[in-house]
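This report refers to the structure that appears directly beneath it.
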Amino acid sequence: MKKFISILLLLFCVSYSQKYNHFEGTVAYYGSHPLHDWKGISSSINGEILFEPSNDSYSCMIEISVESFKSKNGNRDSNMLIYANALEHPKILFKSLNINIESDSAKITGIIKFSGKEKKIITNAGIKINNGIQISGDFTINLSDFDIKRPSLMFLKINDSIKIEYDMKAKNEK
């Protein structure tokens, strides 16, 4: 009987996965033009982070509506929707391929899908696991990698390089 209970407990512990799908925080992008810089912020983050204790692995999928980014300039925000082809591709998606956690940092490799195009990215993040998963970091994308035509102001195009910064907490589903 003791052996049976031990096996049952082992199976329960090994197979119990944790799912985090309630997000709080922000994702921001930083744009630049020779005449000015700006920041667009979204706090409309959806998705999930899964933890499988049996093999000590994490995976995640994040989804953000393109329309949810606000830069405090309505004209810029509406132009961004046009240039990013948000009517046809209204969401930015990220899906992890590999998450390697060591102490308080994580190396995350994944695929970002934006404006109908996909690109592999690698980001290093700070991570805290306490009553959920707190994660923050940044990475850079090039608009040209997603076939996004860059708008111009006074015959000068915005920079191709866009910095993405994230700071979010994922909590267990309730």
Side-chain angles (χ1 to χ4, degrees), residues 13 15-31 37-74 76-81 83-143 145-146 148 161-174:
C13 290
S15 65
Y16 177 70
S17 64
Q18 296 177 32
K19 184 178 186 178
Y20 303 89
N21 65 355
H22 176 73
F23 287 86
E24 297 172 352
T26 59
V27 174
Y29 76 89
Y30 294 83
D37 298 327
W38 68 94
K39 176 181 179 179
I41 300 174
S42 174
S43 59
S44 180
I45 306 163
N46 296 304
E48 65 184 19
I49 298 174
L50 295 174
F51 173 60
E52 294 292 337
S54 62
N55 57 4
D56 196 29
S57 70
Y58 287 85
S59 64
C60 75
M61 188 281 302
I62 305 291
E63 175 182 274
I64 302 170
S65 166
V66 177
E67 188 177 20
S68 69
F69 284 91
K70 303 299 177 206
S71 69
K72 298 182 181 176
N73 180 318
R76 180 186 302 122
D77 294 342
S78 60
N79 281 338
M80 189 236 341
L81 296 175
Y83 283 95
N85 199 11
L87 279 177
E88 200 171 319
H89 305 284
K91 302 206 183 282
I92 300 167
L93 302 170
F94 174 81
K95 183 172 182 182
S96 67
L97 298 173
N98 183 49
I99 300 176
N100 185 17
I101 296 178
E102 290 188 23
S103 184
D104 60 351
S105 66
K107 181 178 181 180
I108 304 167
T109 303
I111 301 291
I112 187 168
K113 186 174 182 179
F114 178 41
S115 191
K117 304 293 181 196
E118 293 183 351
K119 174 93 173 134
K120 184 177 177 181
I121 63 158
I122 297 173
T123 179
N124 293 306
I127 189 166
K128 294 178 189 171
I129 301 173
N130 183 13
N131 192 26
I133 299 175
Q134 178 78 35
I135 188 163
S136 59
D138 61 62
F139 59 93
T140 301
I141 63 168
N142 290 320
L143 295 174
D145 289 340
F146 299 93
I148 295 175
S161 179
I162 301 289
K163 179 181 175 183
I164 309 295
E165 190 174 78
Y166 53 92
D167 185 11
M168 61 184 100
K169 184 170 187 171
K171 296 181 180 180
N172 282 335
E173 100 184 293
K174 300 278 180 186

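Note that these values count all heavy atoms, side chains included, but never hydrogens, waters or copies made by symmetry. As the structure is a prediction and not an experimental result, all values here were calculated from the model.
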Could you state the interatomic distance from [atom1] ([X]) to [atom2] ([Y]), rounded to the nearest 0.5 Å?
| X | Y | atom1 | atom2 | value |
| --- | --- | --- | --- | --- |
| Asn46 | His22 | CG | NE2 | 10.5 Å |
| Asp145 | Ile162 | CG | CD1 | 11.5 Å |
| Ile141 | Ile164 | CD1 | CD1 | 4.5 Å |
| Met61 | Asn21 | CE | CG | 9.5 Å |
| Ile121 | Thr140 | CD1 | OG1 | 10.0 Å |
| Met80 | Tyr29 | CE | OH | 4.5 Å |

Can you tell me if Lys70 has over 12 outside heavy atoms packed within less than 6.0 Å of its NZ? yes

Residues passing the salt bridge (Lys or Arg N to Asp or Glu O under 4.0 Å) test with Glu165, sequence neighbours excluded, are Lys163

What heavy-atom pair brings [X] and [Y] nearest, and what distance separates the two atoms?
| X | Y | answer |
| --- | --- | --- |
| Lys39 | Ala28 | CE-CB, 3.8 Å |
| Phe69 | Val27 | CE2-O, 3.4 Å |
| Lys72 | Asp77 | N-OD2, 4.2 Å |
| Ser43 | Thr26 | CB-CG2, 4.3 Å |

Of all residues at least two apart in sequence or in a different chain, which pass the ring-ring contact (aromatic ring centres under 6.0 Å, His included) check with Phe23? none

Between [Y] and [X], is there a side-chain heavy-atom distance shorter than 4.5 Å?
| X | Y | answer |
| --- | --- | --- |
| Ile135 | Met168 | yes |
| Ile49 | Tyr58 | yes |
| Lys117 | Lys119 | no |

N/O donor-acceptor pair under 3.5 Å between Thr123 side chain and Asp138 backbone: yes

Let me check something: any side-chain donor-acceptor pairs from residues 83-111 under 3.5 Å, sequence neighbours excluded? List them with distances.
unit_1: Ser96; atom_1: OG; unit_2: Cys60; atom_2: N; d: 2.8
unit_1: Ser96; atom_1: OG; unit_2: Cys60; atom_2: O; d: 3.4
unit_1: Ser105; atom_1: OG; unit_2: Glu102; atom_2: O; d: 3.3

Pair listing, ring pair (Phe, Tyr, Trp, His ring centres under 6.0 Å) test, anchored in residues 105-140, at least two apart: Phe114-Phe146

Among residues at least two apart in sequence or on other chains, which ones pass side-chain hydrogen bond (donor to acceptor under 3.5 Å, both in side chains) with Asp167? Gln134

Can you list every pair that meets side-chain hydrogen bond (donor to acceptor under 3.5 Å, both in side chains) and has a residue in residues 60-69, with sequence neighbours left out? Ser42-Ser68

